[in-house]
Q: 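Below are the C-alpha cells for one structure; questions will follow.
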Amino acid sequence: METEKPTSSNFIKNIVIDDLKSGREKTIVTRFPPEPNGYLHIGHAKAICLNFELADEFNGKTNLRFDDTNPVKEDTEYVDGILNDIKWLGFEWDNLHFASDYFEMNYEKALLLIEKGKAYVDDQSADDIRKTRGTLKEPGKDSPYRNRSVEENLDLFKRMRAGEFKDGEKVLRAKIDMSSPNINLRDPVIYRIKHAHHHQTGDKWCIYPMYDYSHPLGDAVEGVTHSLCSLEYEDHRPLYDWAVRECEMENTPHQYEFARLNLTNTVMSKRKLKSLVDAGVVDGWDDPRMPTIAGLRRKGYTPEAIRNFCREIGVAKSYSIVDERYLEHFIREDLKLKAPRTMAILDPLKVVITNYPEGETEWFEIENNAENPDMGTRKVPFSREIYIEREDFMENPVPKYFRLFPGNEVRLKSAYFVKCVEAVKDADGNIVELHCTYDPETRSGSGFSGRKVKGTIHWVDAAHAVPAEFRLYEPILKDDADLSQEAEEAADDITSESEEYTGGAAGEDKSFLDKINKDSLTVLNGFIEPGLTDVKAHDKFQLFRHGYFNVDPKDSAPGRIVFNRTVSLKSSFEVK
RNA sequence: UGGGAAUUAGCCAAGCGGUAAGGCAACGGACUUUGACUCCGUCACCCCCAGGUUCGAAUCCUGGAUUCCCAGCCA
C-alpha cells in the first residue's frame, strides 16, 4: 500500500528471520487477540500493525481471534466496533475466530489433563485459594483436594459442565507446583463456573476456561507460530508452554513479549477510558480527545498516519512513553499534500477597507494546495468588509509582532496589502472593528514588488462568510510534565481492567480523575469560505495558519458545519 | 539472593567484537503570499556504574545500581 517504508529491525523480526532460516518454521502465523470488552485504542493499533505487518513481510498469515472467555465482561457491541476499527486501519485477517470456538476442544483437553493427573477439581473458596497461594517470598500450600482420584476429578468436572454446581463452588486447577517461585505456576485455576449468557455460545456453557489455559490452546490449534503479547505476560510464558505441552498439542506456538505503547498526556487503559465515558467527561468512546481508534478517526487521523507512527516507534522490551508530538508529526505529514488549504476565521474581527469601492466584489482564483498543483484552484470573493482573526491585530504590539497594528501594513493572503488606520471601539473600550486602507497596486498575482511586508494574514469576505463551529482540543490529562508519574499510572492500568477487582487501589482512580483537564475542549464560532458549504463528514482541510481540521461526522448537519481540529500547525511564534 | 524483565541523547530506537543509524523534539540560519512547508547546520569523544578479557568492547565475563512486572475464579 502506497509508499510505506518497511519496519526497521526489531527483536521479534530478528527471531522470525532466525526461525525461518533455521527451518524451525516454514511460514509464520500471527494473531491479534482482542477481548471484546471495550474499544480499541492506539496501543492496540501498535499490536495490530506489528502482527499484521510482520506476517505480511514474510508472506505469513494473521488471524483475528476474539478472546471471549469471560462472558460477564464482553459484548457484541465491542466485537462489531473492533472489527470495524481493524478494517478501517487497513488490515485484512486470514481467519476470524473466537476463543469460544474452541470451548469443546478446551474441555476435551481438560479431560486429558485430569486423566494424566495434571489437573484437579478444587472445592476451596476463592478466598481460601488466595490464602493458600502463599506470597511473593513464601511458597503456597497444597489444597486438601489436590490428590483426588482421577475418577473423582473426572466425575466432578463433568458435573461442573452439567451445571450441578453454583458459581464459585468449584474450579479446575492445573496441578503444577505450589512452591514455585513463579506464582503463575502455583496450581493456576484453568476453569471456573459462571452461569452466564455468552454473546457467542449463548447458554451452552456454564464453565469457562481462563485465559492462561485457553490462549495457548487456541494458538496451537490455529497453527500460530509467533504469539506476541505484552510484557506483563512474561511470567506467564512457562504456563503457556506447560499448557501446549501437557495438552499434547500438535503445534508448538511460542510466546514473545514486547512493551506496550504509552503516550504522554493521555491514558491507555480500557478501564480508565471507560470511566471517562461513564463520567460524561467525554462524548463517548469516539470523542476526539480519546486515544481510541474511533476517537482519532473522528479527530481526523488517517489510517496511514497511524500505521506510519506504529512503524516508526519500533518494538522493544523496554518500558517507554512516546511523546504525543511524535504521533502529531505523522498526521501533519500525511495530510500535507492530501488536504486542500482554505481560509477560515475562528475568532472574527471585522475589517472595513475604507477606500475599497462600496458594493463591489471581486473573485480571486486561489490554489487549493500550493504544494500540490493537482488539487486545482477555487474562486474566493473579496470586498469592502472582511473578517480577520482577532489575534492578528494588537493595538499595542509585542516585540517582533508583524501582523496588524495601527499604522502597520500586512498582506491579505491572495488579495492586497492593507494598512491599519484605526481601531474602532465600543463604549466599554472593546475593539469592535478595524478601519484599513488597501493599495490596489499590490493585488495578488500582479507581480508588485515595490515594497515588502513582514506579515501575511488570512481573511474571509464578510458578505459571503458561512458560519461554522470549530472545536479545538487539548490533552485530556492535566499534568504530564512528570513522565515517570505518567508511567506509573499507565503501568498500573495494564493489569487492573476489571471493575470488580479490588486488588488494586480505589484511591488511585480518584487521583486519575483529579488529573483530568477540564479545559480540554474549546468551541469557537467563526466563518469559512463560501466554497466549503457542501462539505461532508470526515472531509479534511488545512485551515490556513490554524492547522488540520476534520468535518465532524456526528454533529455536523445541514446548515451546521462542525470542524474538529486534528492537529495545529507548528509555530515558532507565541504571543505572550 | 522469591521469580521475571529492562537500562544507548529531552522522547522513541538501531546496533549482535572493528571504533555510536534513523526519526521526533529542540536550537541556529536560508527561503517564504501560511511565523507553516522546504533546505542547510548544531545536537552521545560515548552506550546505568565499577572492574576484567581482547590489538580492539555499547556488544563478551564478574560484581553492583536503578526501574518495571507478578500473590483475579480478569485478559
Side-chain angles (χ1 to χ4, degrees), chain A residues 8-10 14 33-35 37 67 69-70 72-73 122 125-126 129-131 133-140 167-173 180-186 188-194 208 210-212 214-215 229 231-238 257 259 264 270 312-330 332 336-337 341 343 366 370-371 400-403 411-415 444-445 453-458 483-484 487-488 491-492 494-503 542-547 568-574:
Chain A
S8 63
S9 180
N10 66 58
N14 291 341
E35 183 187 13
N37 67 342
D67 245 320
T69 55
N70 188 356
V72 303
K73 292 169 63 182
D122 196 342
S125 67
I129 288 178
R130 181 169 50 75
K131 282 176 182 158
R133 185 150 28 223
T135 68
L136 295 179
K137 294 189 178 183
E138 297 158 17
D167 287 11
E169 216 175 306
K170 286 181 170 35
V171 291
L172 184 69
R173 288 230 253 173
S180 171
N182 181 343
I183 292 177
N184 294 297
L185 263 22
R186 315 235 266 230
V189 170
I190 58 176
Y191 263 98
R192 74 285 215 193
I193 299 171
K194 279 179 192 282
Y208 292 94
M210 297 287 285
Y211 166 88
D212 281 323
S214 156
H215 201 87
C229 62
L231 253 27
E232 69 271 22
Y233 290 101
E234 283 175 324
D235 287 345
H236 296 240
R237 197 185 329 126
E257 311 84 14
T264 57
K270 279 192 261 185
E312 292 303 315
I313 54 174
V315 179
K317 294 191 71 129
S318 58
Y319 189 92
S320 63
I321 303 174
V322 176
D323 193 324
E324 59 170 349
R325 290 176 299 182
Y326 206 1
L327 210 210
E328 294 180 342
H329 162 76
F330 290 96
R332 287 194 188 100
K336 187 167 60 191
L337 299 181
R341 302 173 182 184
M343 297 190 282
I366 302 179
E371 291 185 77
K400 292 270 181 69
Y401 187 80
F402 42 82
R403 276 111 95 149
R411 181 197 301 275
L412 292 179
K413 167 79 183 164
S414 302
S444 179
V453 287
K454 289 282 280 181
T456 297
I457 63 173
H458 60 281
L483 293 184
S484 64
E488 233 171 80
D492 96 58
I494 291 171
T495 49
S496 37
E497 296 210 341
S498 161
E499 286 94 79
E500 68 267 32
Y501 179 58
T502 52
Q542 183 196 113
L543 301 188
F544 251 83
R545 304 206 296 138
H546 285 300
S568 65
L569 254 27
K570 290 206 289 182
S571 174
S572 57
F573 178 77
E574 289 295 332

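Order of the sequence lines fixes the chain letters, A, B, ..., with proteins taken first and strands second; residue numbering starts at 1 for each chain. The analysis underlying the following values was restricted to heavy atoms, covering all of them including side chains, and did not include hydrogens, waters or symmetry mates.
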Q: Can you find an N or O donor on one side and an acceptor on the other, under 3.5 Å apart, linking the side chain of A:E371 with the base of B:rU38?
A: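 Such a pair does not exist between side chain and base.
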Q: Going by 5.5 Å between centroids and 30° between planes, is there a stack of A:F573 over B:rG35?
A: yes
Q: Mind checking side-chain hydrogen bond (donor to acceptor under 3.5 Å, both in side chains) for A:N14 and listing every partner two or more places apart, or none if nothing turns up?
A: A:S9
Q: Within less than 4.0 Å of OP1 or OP2 of B:rG72, is there a side-chain N or O belonging to A:N70?
A: no
Q: Answer with yes or no whether A:R130 presents, from its side chain, a donor or acceptor under 3.5 Å of a partner atom in the base of B:rG72.
A: no
Q: Can you run through RNA chain B from 5' to 3' and write each base as (, ), [, ], | or . depending on how it pairs? Watson-Crick or G-U wobble, both distances under 3.5 Å.
A: .(((((((.[[[..)..(...]]].(((((.......))))).....[[[[[..)....]]]]])))))).....
Q: So A:F402, base contact, sugar-phosphate only, or nothing? Heavy-atom distance under 4.0 Å.
A: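 Touches a base.
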Q: Remember a base hit wins even if backbone is also touched, and classify A:S320 as base, sugar-phosphate or nothing at under 4.0 Å, heavy atoms.
A: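 If one applies the 4.0 Å heavy-atom cut-off, A:S320 turns out to touch the sugar-phosphate alone, with no base involved.
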Q: Could you label the plane-to-plane angle of the A:H458 and A:H546 rings as parallel, tilted or perpendicular, counting under 30° as parallel and over 60° as perpendicular?
A: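 Rings of A:H458 and A:H546: perpendicular, as their planes differ by over 60°.
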Q: For B:rG72, take OP1 and OP2 only and decide whether either is under 4.0 Å from a side-chain N or O of A:K73.
A: no
Q: Please determine, for the side chain of A:A316, which listed nucleotide (B:rA14, B:rC73, B:rC24) has the closest atom?
A: B:rA14
Q: Name the closest nucleotide to the A:S318 side chain, picking from B:rA6, B:rG15, B:rG2.
A: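 Nearest listed nucleotide: B:rA6.
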Q: OP1 or OP2 of B:rG35 sitting under 4.0 Å from any side-chain N/O of A:R411?
A: no
Q: If you find the nucleotide of RNA chain B closest to A:D67 and the one closest to A:K413, which residue's nucleotide is nearer the 5' end?
A: A:K413
Q: B:rG4 base to A:N182 side chain: any donor-acceptor pair below 3.5 Å?
A: no
Q: Report which part of the nucleic acid A:I313 touches: base, sugar-phosphate, or nothing (heavy-atom distance under 4.0 Å, all strands).
A: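 Sugar-phosphate contact only.
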Q: Base, sugar-phosphate, or nothing: which does A:G445 touch, judged by heavy atoms less than 4.0 Å apart?
A: base
Q: If the plane angle is over 60° it's perpendicular, under 30° parallel, otherwise tilted; pick one for A:Y326 and A:H329.
A: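 Tilted, since the angle between the ring planes falls between 30° and 60°.
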Q: Can A:D122 and A:R173 be counted as an ion pair, charged N to O under 4.0 angstrom?
A: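 Looking at A:D122 and A:R173, the cut-off is met.
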Q: Which one, B:rU34, B:rG2, B:rA13, comes nearest to the side chain of A:Q542?
A: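 Shortest atom-to-atom distance from the side chain points to B:rU34.
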Q: Nearest-nucleotide wise, let me know which of A:S571 and A:L136 is further upstream toward the 5' end of RNA chain B.
A: A:L136
Q: Taking B:rG56 as the reference, what is the distance to B:rG51 when you measure between their P atoms (whole Å, please)?
A: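 Looking at atom P only, B:rG51 and B:rG56 are 16 Å apart.
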Q: Would you call A:E257 and A:R237 a salt bridge, taking side-chain N to carboxylate O under 4.0 Å as the test?
A: yes
Q: Side chain of A:I183: nearest nucleotide among B:rC74, B:rG35, B:rC70?
A: B:rC70
Q: Please state the C1' separation for the pair B:rC43 and B:rC11 - nearest whole angstrom.
A: 14 Å
Q: Could you work out the separation of B:rG18 and B:rA58 based on their P atoms and round it to a whole Å?
A: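 One P to the other, the span is 11 Å.
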Q: Looking only at the side chain of A:K194 (C-beta and beyond, no hydrogens), which of the listed nucleotides B:rC74, B:rC73, B:rG2 gets closest?
A: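 My answer, after comparing the listed nucleotides, is B:rC74.
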Q: With rounding to the closest Å, how many angstrom separate the P atoms on B:rA14 and B:rG22?
A: 15 Å
Q: May I ask you to decide whether A:E328 forms a salt bridge with A:K570, counting only side-chain N to carboxylate O separations under 4.0 Å?
A: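 No, this pair does not count.
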Q: Among B:rC73, B:rA25, B:rC68, which is the nearest nucleotide to the side chain of A:K570?
A: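 Closest of the options to the side chain of A:K570: B:rA25.
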Q: From C-beta outward on A:P181, which listed nucleotide comes closest to its side chain: B:rU34, B:rG15, B:rG2?
A: B:rG2
Q: Sort me out a list of protein N/O and nucleotides 64-67 of chain B N/O pairs below 3.5 Å, or just none if empty.
A:
none

Q: With no angle test and no hydrogens, is the base of B:rA75 tied to the side chain of A:Y233 by a donor-acceptor pair under 3.5 Å?
A: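 Yes.
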